[in-house]
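Let me begin by presenting the structure, written as structure tokens, before commenting on it.
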Amino acid sequence: MPLTRVSLLKGKPPEYRKAILDGLYQAMRESFGVPEDDRFMLIEEYDKAILITARTIWELPGMMIS
């Protein structure tokens, strides 16, 4: 059973969090052959003052929060 951890800013609605996890799970099923119903996924939520990222992450647009 793969473990997936996602870090987000606090305040995202439940539908948003579910869509993130469902998309990741589907990608893992397609890419790595993860069996159906084999999920162990966690979301960690952070305040803006704590979650700090570079302006670009892996060449994708990012955010700088201070």
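Both backbone and side-chain heavy atoms feed into the values below; hydrogens, waters and symmetry mates do not.
Within the 3.5 Å criterion, the main-chain N or O of I20 finds no donor-acceptor partner in the side chain of Y25.
Between R5 and E44, at least one side-chain nitrogen of the basic residue sits less than 4.0 Å from a carboxylate oxygen of the acidic one, meeting the salt-bridge criterion. Looking at D22 and R17, no side-chain N of the basic residue comes within less than 4.0 Å of a carboxylate O on the acidic one, giving no salt bridge.
For the pair G11 and E45, the tightest heavy-atom approach, listed with the atom from each and the gap, is N-OE2, 3.9 Å. Annotation for D38 and V34: closest pair O-CG1, 3.5 Å, computed over non-hydrogen atoms.
L8 contributes atom CG, which lies 10.0 Å from atom OH of Y46 (distance to the nearest 0.5 angstrom).
Using a 4.5 Å heavy-atom cutoff, the side chains of L21 and I43 are in contact. Counting heavy atoms from C-beta outward, L3 and L42 have side chains that approach closer than 4.5 Å.
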Evaluate M41 against V6 for side-chain contact (heavy atoms from CB on, under 4.5 Å), listing each step before the verdict.
CA-CA 8 Å; M41 305 177 101; V6 177; over 6 Å; no
Run the side-chain contact (heavy atoms from CB on, under 4.5 Å) check on R39 and R29 step by step: do they pass?
CA-CA 10 Å; R39 291 175 78 148; R29 292 204 58 208; over 6 Å; no
